[in-house]
Protein chains: 2
Amino acid sequence: MAGIKDIAKLTGLSLATISRVFNDSPLVSKKTKDKVLKAAKKLDYQPNLMAAALRSGKSKIIGVVVPEINNSFFSKIINGIEQKANAHKYTIIIAQSHESKERETKAIQSLIQSKVDGILISISKETDDFDIINRLDSNGTPIVFFDRIPPLENVNQVVFDDYEGAYIATKHLIEQRCNRIIHIAGNPKISIHKKRQNGFIDALKKNNYPFIESDIIHLTMDESEDIKTIQKLLKNKISFDGVFAHGDESCLYLLNVLKTIGVSVPKNVKLIGFGNNKFSELIQPKLSTIDQRCLEMGELATSRLLELLKSKNRMNPETTILSPKLIIRASSSF
Amino acid sequence: MAGIKDIAKLTGLSLATISRVFNDSPLVSKKTKDKVLKAAKKLDYQPNLMAAALRSGKSKIIGVVVPEINNSFFSKIINGIEQKANAHKYTIIIAQSHESKERETKAIQSLIQSKVDGILISISKETDDFDIINRLDSNGTPIVFFDRIPPLENVNQVVFDDYEGAYIATKHLIEQRCNRIIHIAGNPKISIHKKRQNGFIDALKKNNYPFIESDIIHLTMDESEDIKTIQKLLKNKISFDGVFAHGDESCLYLLNVLKTIGVSVPKNVKLIGFGNNKFSELIQPKLSTIDQRCLEMGELATSRLLELLKSKNRMNPETTILSPKLIIRASSSF
DNA sequence: ATGAAAGCGCTAACAG
DNA sequence: CTGTTAGCGCTTTCAT
């Protein structure tokens, strides 16, 4: 493996000059630069990033921590991160927490030891203490949270507006002339699910729809039981004709339940999900949904981190809120 | 950030001893070891992996190149890789080629510069020259291919037995008493699709089913056109009652087509896909499919790389073939 | 515009 | 079992 030493030998220049060439220093004449580049090519020179990092104190690596990469939501965000990072000559290291607090801590530790310049993280469901984050802070490693944020003040974060997403999804069903709309809810202990639920409720209220507690449905995922639940609802005085599900998965599940009991979508009941999952376009009818603009979330979080990395003095924490996008497909159309 | 120097100062020991402690050298007394560990904790010491790597020539990092992480197949394999690698104190760096030869080359280049100890790669569809691989070889960086392998001799590789998978899928339909089975084929230029096609054909032949060219169907993904194709097939003298699709996506697509034209699955037609995609369990009826044991593929590839990393002398290349697993669900059951 | 020299934090002979 | 020392490949003052 050729190093700058070899180039120095070949060109008769000093190490410093060679180094300057590869760091785009303006202090080198075009002539020498060309000479160095030519020699580098000849020797198939590959800079040793580790040595550079060790010496300069900057690794040009961004650490990314997500619960799971085998999750379209996160892997799309990662694509956004990668894109932005690479465009700025940064490399990323991805670590997974697998929703475990312990593994998350280990992952962060490992990133610190790998001397990442900054960290982008979406915290695990388990995480409830934030010592590591404080440690990172005192360490001087900038950190930007995305999507799953900790309940802390004064942090940089990029979040998705779940409330707004739920609101426009529900409003869409109203505009499609649904008379009674129900919500397939997620676990309200999880903040995004709670927000989606609130968006649903407020959309009803603001549009003068009566809201009753029983409009919010919790499915068990035990099919025969859920079929009973749905059938009972359909036999109500005012049967429902619109459904906003907190996620595409539960929307698909409900679609199957409705098919089983012979309810036609979108003719009898209109459906909208949340998340713009890949499969939502593959099934019949195609699912209307809320797109979360994952790519942009990744890009925004990275841009913010890059800013923090650039400025030497502490910057004021910033919260970026990403607005959702309504995707209308067959499941909610006339 | 505390370093071993600080620990040395605090304990009154030499750098070498401190270093030995963290490298689990047997040459340190229990007493000193404890003293060092205690001091390390007190100072919140984090080893600088880059410095260690630079000095030792071993980064303990494995580079992983895949076409796309936003693809369940690859992200599952990555989970297998991560698991095995972490268990052996290795970190992984993931890079994506996005199916571009150029970006793949860049990704590999970047991994080299990051001084990874070895590389695991599934090559992009575009890749047709293998200079980089030769370069890696001369460089001494061990490399193990998985799933998408290059047409080269003498390489270490772990592949999935697509032929066998197709064979047992088809055989399963035969055992379910299907009389005429068709195959929704992929692009035969892609080797795995070709293999699946061959597995299908051989399963028919070996079981004394007549095989005619027209049993292999290419769908256009233009729905109205495909509906016509399928309807024509159903009106044949011998209508089909079994379908083996080269992937779960096309299987789902076909399922929707069949639903549209009123053909019941599995009553009239039995279906089996390939890949055990996440959604194959979410839809109705649940899809029978072939599971590719991605996790194991990741683990096996990593194990092989770890072996290469351990042994100093060149080892003989090895090809590992992973057998598929039949998953029977509602779409092909009685 | 170029060079000399120090050193980033750690490991690995070698010596004791 | 512990210490001394050189140096991994590069960047970065400081000098010229």
| query | Hey, does the side-chain of A:Arg55 have a donor or acceptor N/O within less than 3.5 Å of a partner on the base of C:dG9? | reply | no

| message | Measuring from atom OG1 of A:Thr91 to atom CG of A:Asp117, what distance do you get when rounded to the nearest 0.5 angstrom? | response | 10.0 Å

Does OP1 or OP2 of [N] have a side-chain N or O of [X] closer than 4.0 Å?
{"X": "A:Ser29", "N": "C:dT2", "result": "yes"}
{"X": "B:Ser19", "N": "C:dA12", "result": "no"}
{"X": "B:Thr17", "N": "D:dG3", "result": "yes"}
{"X": "B:Ser14", "N": "D:dG3", "result": "yes"}
{"X": "A:Ser56", "N": "C:dC8", "result": "no"}
{"X": "A:Lys5", "N": "D:dC8", "result": "yes"}

Run the salt-bridge test on [X] and [Y] with the 4.0 Å N-O cut-off and return the result as yes or no.
{"X": "A:Lys30", "Y": "A:Asp34", "value": "yes"}
{"X": "B:Glu307", "Y": "B:Arg304", "value": "yes"}
{"X": "B:Glu126", "Y": "B:Arg103", "value": "no"}

For atom [atom1] of [X] and atom [atom2] of [N], their distance in whole Å:
{"X": "A:Phe22", "N": "D:dG9", "atom1": "CZ", "atom2": "P", "value": "15 Å"}
{"X": "A:Lys30", "N": "C:dT2", "atom1": "NZ", "atom2": "C1'", "value": "18 Å"}
{"X": "B:Ile7", "N": "C:dG9", "atom1": "CD1", "atom2": "C1'", "value": "12 Å"}
{"X": "B:Leu27", "N": "D:dT2", "atom1": "CG", "atom2": "C1'", "value": "10 Å"}
{"X": "B:Leu13", "N": "C:dC10", "atom1": "CG", "atom2": "P", "value": "15 Å"}
{"X": "A:Lys115", "N": "C:dC8", "atom1": "NZ", "atom2": "C1'", "value": "11 Å"}
{"X": "B:Lys9", "N": "D:dG3", "atom1": "NZ", "atom2": "P", "value": "16 Å"}
{"X": "B:Leu49", "N": "C:dC8", "atom1": "CG", "atom2": "P", "value": "19 Å"}

| Ignoring hydrogens and geometry, is there a side-chain-to-backbone donor-acceptor pair from B:Glu99 to B:Lys125 under 3.5 Å? | yes

| Considering heavy-atom distances to DNA chain D, does B:Ala51 or A:Asn23 have its closest nucleotide positioned more toward the 5' end? | B:Ala51

| field | Most 5' of B:Leu15 and A:Asn48 on DNA chain D, judged by nearest nucleotide | value | B:Leu15

| request: Select from B:Ala52 and B:Arg20 the residue whose nearest nucleotide in DNA chain C is closer to the 5' end of that strand. | output: B:Ala52

| task | Would you indicate what A:Tyr45 reaches in the nucleic acid, counting non-hydrogen atoms under 4.0 angstrom: base, sugar-phosphate, or nothing? | result | sugar-phosphate

